[in-house]
Amino acid sequence: MTTENMATASQAAENKAVLSGMRPTGRLHLGHYSVLENWAALQEQYDAYFFIADYHALTTAFDNSSSIAQNVYDMTLDWLAAGLDPEKSAIFVQSDVRELADLHILFSMITPLSWLERVPTYKDQVNQFAKGGKDIMTYGFLGYPLLMAADILLYRAFGVPVGEDQLPHIEFCRELARRFNHLYQKQVFPEPQALLAKIKQLPGLDGRKMSKSYDNYIVLGADQPEIEKRVRQMVTDPARIRKDDLGHPEVCMVYTYHKIYNSEEQAEIKCECEKGGIGCVACKKRLAAKLNEYMEPIRERREHFAGKPQLVQEILQAGQQKASRKAAETLALVRDAMGM
Ligand code: TRP
Ligand code: SF4
């Protein structure tokens, strides 16, 4: 490839928009990190938009919205800590882009109610919340996939990095894009595709899925004492009481983590554990040291931004401005197509 060709190829990629969002549910943990790493890789190649979905949080937390602002701030810090770069990505808060509300209302005019009612997660979630004594039979919650479609189409994104659980929503979005283009006989929207990355599922400290609700997580940006404390809580081989009991590393979470975060020493640790040559306390110390090393750059970036709330606000503002420019272009196309 000539240099000229290379420039055009990378420009084409740059012009392709990639977008994703997360609901602000509080501080992120190590299990979220590979998702963010994947986003950070995408920002190197594409015109990237990442937003904090505060409206989506409101769909289920409308009666308990007081923590949303704090969660938005924490999530912004976590994203920056994980390496999202405001020079490369537009990092913003969903509700700061006013054009989204316009597009959402225009889309609501062309969205068949039956499409929303048949989204597989919808009835499930309503029932699940009802069991917990909470009524989410709201217009807003029914419209969750529509709002998400507006999120994506507002930037005419071609790719959306999401987990498999979001595939029905992406499908909904594609159908809506097709319906719009067909109704108004204009190719305003590309049909976005889900970008399913091979995200490794990090198990929690107890071997279940790492999750806030199980309290089995290591918070992103944890300091050394916190990491040590969490590693001490990890479940080991129950057959090992004394140091010279022969161990079974394959049933031990500490070993599972050594495999992920300490591949250089994993073989040695397996061998030592099996012949009763290393105690669990020492083994955990070695893991905590490795995890601490791994966390260090993340923690440093988090602390850097946490000490500069003004800078964080400026980053979100710049992100909003960039996002709004693209959104305004799309909205003009939409209004024109609809004859408004
Ligand atoms: N529904 C997504 C989730 O729960 C979050 C989200 C909202 C989103 N809008 C989006 C993801 C647009 C991708 C694109 O994870
Ligand atoms: Fe697990 Fe390490 Fe103890 Fe073996 S020595 S059971 S790998 S903590």
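Just so you know, ligand 1 is whichever comes first in the structure, and atom 1 is the first atom listed for that ligand.
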Region of L147 that comes within reach of ligand 1 [heavy atoms, distance under 4.0 Å]
neither
Listed as residue and atom, the protein N/O/S atoms under 2.8 Å from atom 2 (Fe) of ligand 2 are C283 SG
What residue and heavy atom of the protein are closest to atom 3 (C) of ligand 1, and at what distance?
Q166 NE2, 3.4 Å
I'd like to know if the side chain of S108 and the backbone of I105 have a donor-acceptor N/O pair within less than 3.5 Å.
yes
In ligand 1, the atoms that come under 4.0 Å of a heavy atom of R23 are 4 (O)
Pull out every atom of ligand 1 sitting under 4.0 Å from any heavy atom of F51, numbered as shown with elements.
9 (N), 10 (C), 12 (C)
Less than 6.0 angstrom from the centroid, inside 45 degrees of the normal: does K200 satisfy that with respect to the ring of Y33?
no
Is there a side-chain contact between H169 and V119 (heavy atoms, below 4.5 Å)?
yes
Hey, which atoms in ligand 2 end up nearer than 4.0 Å to a heavy atom of R240?
3 (Fe), 4 (Fe), 5 (S), 6 (S)
V160 heavy atoms, cut-off 4.0 Å: which ligand 1 atoms fall inside?
13 (C), 14 (C)
Test of ring centre spacing under 6.0 Å for F107 and F189:
yes
Derivation of the side chain to side chain donor-acceptor pair (under 3.5 Å) call for R299 and N292
CA-CA 9 Å; R299 180 168 62 227; N292 187 50; 2.9 Å; yes
Of all protein heavy atoms, the one nearest atom 7 (C) of ligand 1 is H56 ND1, 3.3 Å
Nearest protein heavy-atom contact for atom 6 (C) of ligand 1: which residue, which atom, what distance?
G21 O, 3.8 Å
side-chain hydrogen bond (donor to acceptor under 3.5 Å, both in side chains) partners of D96, counting only residues at least two apart
none
Need the ligand 1 atom indices (1-based, order shown) with element for anything under 4.0 Å from a heavy-atom of D151.
7 (C), 9 (N), 10 (C), 12 (C)
In sequence, state the C-alpha distance, the side-chain angles, and the governing distance for R286 and E268, and then conclude on salt bridge (Lys or Arg N to Asp or Glu O under 4.0 Å).
CA-CA 12 Å; R286 281 165 74 168; E268 178 203 331; 3.0 Å; yes
Among V35, I170, L195, find the one that has a side-chain contact (heavy atoms from CB on, under 4.5 Å) with V162.
I170
Donor-acceptor contact present, side-chain T330 to main-chain K326, <3.5 Å
yes
What atoms in ligand 1 come closer than 4.0 Å to a heavy atom of Y144?
1 (N), 2 (C), 3 (C), 4 (O)
For ligand 1, indicate whether the residue V162 contacts it via side chain, backbone, both or neither (heavy-atom separation under 4.0 Å).
side chain
May I ask you to check whether Y155 and F92 place their ring centers less than 6.0 Å from one another?
yes
Grab the two heavy atoms, one from T236 and one from V254, that are nearest each other, plus how far apart they are.
CG2-CG2, 3.8 Å
